[in-house]
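These notes are about the structure you will find just below.
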Protein chains: 2
Amino acid sequence: MTTIRDVAKHAGVSVTAASYALNNTGTIGEATRKRVLEAAEELNYHPNAFARNLKKRKTHTIGVFISRFGGSFYEEILEGIHSLILDTDYELLVCPESRSARRILLHRQVDGAIVFDSKISDEQVLKLASRHFPIVVMDRDLQNDFILPLLLDNPQGVREAFWHLHQQGFRKLAFVAGAMDSFDNAERMATFLAEAERHDLHVPVYQGNFTEISGYEIAKAILQSDDLPEAVFCANDQMAIGFLRAMKEHGLQAPNDIAVIGFDDIPLAHYMQPSISTIGTPRFEWGTTAVRQLIDFIENETPFQPQRIPTRFLPRESSILNLHSQTSTGETTHGPASPAPS
Amino acid sequence: MTTIRDVAKHAGVSVTAASYALNNTGTIGEATRKRVLEAAEELNYHPNAFARNLKKRKTHTIGVFISRFGGSFYEEILEGIHSLILDTDYELLVCPESRSARRILLHRQVDGAIVFDSKISDEQVLKLASRHFPIVVMDRDLQNDFILPLLLDNPQGVREAFWHLHQQGFRKLAFVAGAMDSFDNAERMATFLAEAERHDLHVPVYQGNFTEISGYEIAKAILQSDDLPEAVFCANDQMAIGFLRAMKEHGLQAPNDIAVIGFDDIPLAHYMQPSISTIGTPRFEWGTTAVRQLIDFIENETPFQPQRIPTRFLPRESSILNLHSQTSTGETTHGPASPAPS
DNA sequence: GTAGAAAAGTGAAACGTTTCATTTAACTGC
DNA sequence: GCAGTTAAATGAAACGTTTCACTTTTCTAC
């Protein structure tokens with residue numbers, strides 16, 4: 001492993017000179033700079049990042065902490081994050097959950113973090129966040145000078161969905177919940193139940209965990225009974241997909257037998273048959289917003305601006321009664337994100 | 001920032017003792033170890049990873065280098081990689097392309113790398129790989145003692161697809177190519193053209209770049225002419241989706257007007273209408289294999305075992321003529337990866 | 001030609017760990 | 001109670017950079 005010492009020797013200058021030349025800092029003659037750079041090239045020198053970071057105490061890297069890669073959900077957020085990173089000279093580092101208690105995060109191998117993983121406890125986030133280590137959280141309602149919550153505006157989308165169902169005359173509703181420890185699940189459920197309450201409707205809640213299989217199994221259980229709901233709201237699309245699969249196996253169809261609504265607008269929701277009504281959100285921008293604010297804080301200590309990420313109900317086949325008696329072109333041929341024509 | 005020095009002082013021991021206690025190394029009394037650990041806890045101490053790695057020259061981390069997160073393609077590979085990592089005490093670090101020439105990789109902030117990004121040049125990989133820095137490549141045919149290529153068996157799947165088309169009587173074929181610099185694209189194209197050649201068929205090639213929009217635009221161009229192909233092979237599913245979208249807009253249907261085949265078996269391919277015939281591959285296992293071999297090399301210098309990742313043609317609606325006159329249950333209700341019932 | 005200023009270059013300390021080589025303390029068995 | 005061992009604890013060097021404070025060289029203006 002060649003070090004800066006080797007480069008300096010090879011170029012016949014001091015280590016300091018070599019360092020200045022390589023970093024374009026300090027004060028150094030054009031001729032020697034050239035010599036140093038050539039020596040570095042020749043020796044295939046690459047600075048040791050650990051030594052450098054140890055000294056500089058800056059890594060120029062931001063870390064994103066997610067639970068896993070699957071599920072189509074993070075994808076677009078990550079793309080947004082990545083796209084903004086490309087415009088900066090920051091490095092991006094994505095860490096899924098790992099056994100060894102997230103050394104990367106704890107050991108501050110990054111200058112700031114974006115946290116989207118409920119396995120990381122609130123206490124950890126609180127303990128870690130500081131002027132020198134700002135954190136953006138996207139999955140919990142935590143806030144101080146160094147912690148920026150960027151949360152979905154769940155109530156908005158859920159209300160729209162509820163109205164949509166109510167307006168069409170659905171009264172016998174059910175709610176399929178996601179993981180208990182999820183902020184989003186809690187808020188979606190609370191909003192839906194509150195809306196129902198206001199209309200004097202009682203809504204049974206079935207406990208799932210955001211996976212397709214849990215939606216499938218809940219549906220199986222429900223379909224055993226002879227007392228079916230008219231419409232089901234699932235806390236995310238995966239579960240809605242599972243629910244629909246079970247319905248199909250029982251020879252039932254959405255929306256006529258049971259209307260189904262999901263949440264997230266993952267690409268599949270648009271392409272399924274029937275297409276799934278869901279609540280969409282600008283995930284790409286969600287990601288860019290997070291990075292923008294984070295880097296702004298790191299570089300200029302710009303105070304964090306908490307904001308809610310808008311959500312919007314997207315009516316599709318799985319919950320629109322008599323769709324085919326109405327105009328029904330549009331939608332299916334457009335991109336995944338497009339709503340029904342107004 | 002509390003350092004080990006603070007911990008040592010607080011516990012009333014030497015720095016060395018603190019280090020030994022914290023790392024469970026050296027020789028240290030049970031009582032003092034306790035005291036040190038308590039002090040560390042109390043001061044909320046976390047070792048500085050840079051200092052540590054600088055000294056130890058091991059990071060216990062493996063790095064995955066991909067071009068981007070989107071496209072549904074990497075997702076399952078990353079899940080495989082992640083799932084195996086969880087069984088080890090290694091850390092995982094995923095880096096998408098970034099402006100600053102991939103410091104992470106170059107600066108060896110990881111103990112080994114998995115490269116799946118054509119923007120990283122062959123020369124770089126060759127220069128970098130060594131006994132102390134093994135590299136698995138998944139997107140290029142590069143090999144030596146320290147570089148393990150894990151490539152798709154493109155020829156297998158492409159041949160099956162070709163036979164499938166040929167057997168149904170399709171003779172007027174076209175090939176929609178992906179990015180020029182892609183190994184997979186090259187191999188898929190070469191195989192397809194070679195098969196065609198053997199049957200004295202001439203196949204025009206349209207140059208795309210793996211994106212949906214490129215497939216869409218190529219289709220638009222083709223559909224202008226009055227001389228349509230009978231079947232089109234797209235080098236990946238994204239382009240096939242774009243192609244089908246354009247066809248729909250022209251009021252054409254697959255497979256009757258033009259049969260369409262893709263490659264990759266991304267989840268959408270299964271759910272589209274019509275479902276898309278494609279070539280599937282065990283991406284999850286692809287990821288686990290990469291990690292397994294990499295860590296085995298790092299820990300035991302187990303020699304790399306190059307192997308091809310199997311591929312398999314999955315016939316679906318977009319290329320099966322008269323499907324509905326045959327048995328046609330199954331498939332659509334199964335999970336995305338399941339092939340047609342045999 | 002010289003004083004003074006600017007430019008170019010250097011030595012050494014520091015970043016926070018780990019670990020080698022030593023010293024000191026605590027046990028043995030007789 | 002002592003020599004010999006083993007256990008426990010320590011000081012200091014090292015990892016590869018960057019950067020401060022300083023010295024040497026070169027330039028400028030008179």
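Throughout, protein chains are lettered first and strands after them, A, B, ... in sequence-line order, and every chain is numbered starting at 1.
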Phe146(A) and Phe133(A): CA distance, side-chain angles, deciding distance, ring-ring contact (aromatic ring centres under 6.0 Å, His included) verdict: CA-CA 7 Å; Phe146(A) 318 120; Phe133(A) 195 71; over 10 Å; no
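The salt bridge (charged side-chain N to carboxylate O under 4.0 Å, His left out) pairs that include a residue from residues 131-148 of chain B are Asp122(B)-Arg140(B), Arg131(B)-Glu301(B), where partners are two or more places apart or lie in different chains.
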Close N/O contacts between protein and nucleotides 23-25 of chain D (under 3.5 Å):
none

Please list, for nucleotides 22-26 of chain C, all pairs of protein and nucleotide N/O atoms separated by less than 3.5 Å.
none

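Remark: Arg292(A) pairs with no residue by the salt bridge (charged side-chain N to carboxylate O under 4.0 Å, His left out) rule, at least two apart or across chains. Applying the ring-ring contact (aromatic ring centres under 6.0 Å, His included) test to Phe297(A) and every residue at least two apart in sequence or in another chain returns Phe304(A).
The distance from atom CD of Glu30(A) to atom C1' of dA7(C) is 13 Å, rounded to the nearest whole Å. Remark: P of dA8(D) and CZ of Arg35(B) are 13 Å apart, rounded to the nearest angstrom. The interatomic distance linking Lys9(B) (NZ) with dA9(D) (P) rounds to 20 Å, in whole Å. What separates NZ of Lys34(B) from C1' of dA8(D) is a distance of 17 Å, to the nearest Å.
The local environment of CZ in Arg308(B) is crowded, with over 12 non-hydrogen atoms from other residues, nucleotides or ligands closer than 6.0 Å.
Screening Trp286(B), Phe65(B), Phe69(B), Phe183(B) for a ring-ring contact (aromatic ring centres under 6.0 Å, His included) involving Phe116(B) leaves a single residue, Trp286(B).
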Once each nucleotide of nucleotides 13-20 of chain C is scored for protein heavy atoms under 4.0 Å, what B/S/- sequence comes out, 5' to 3'? -BBBBBBB
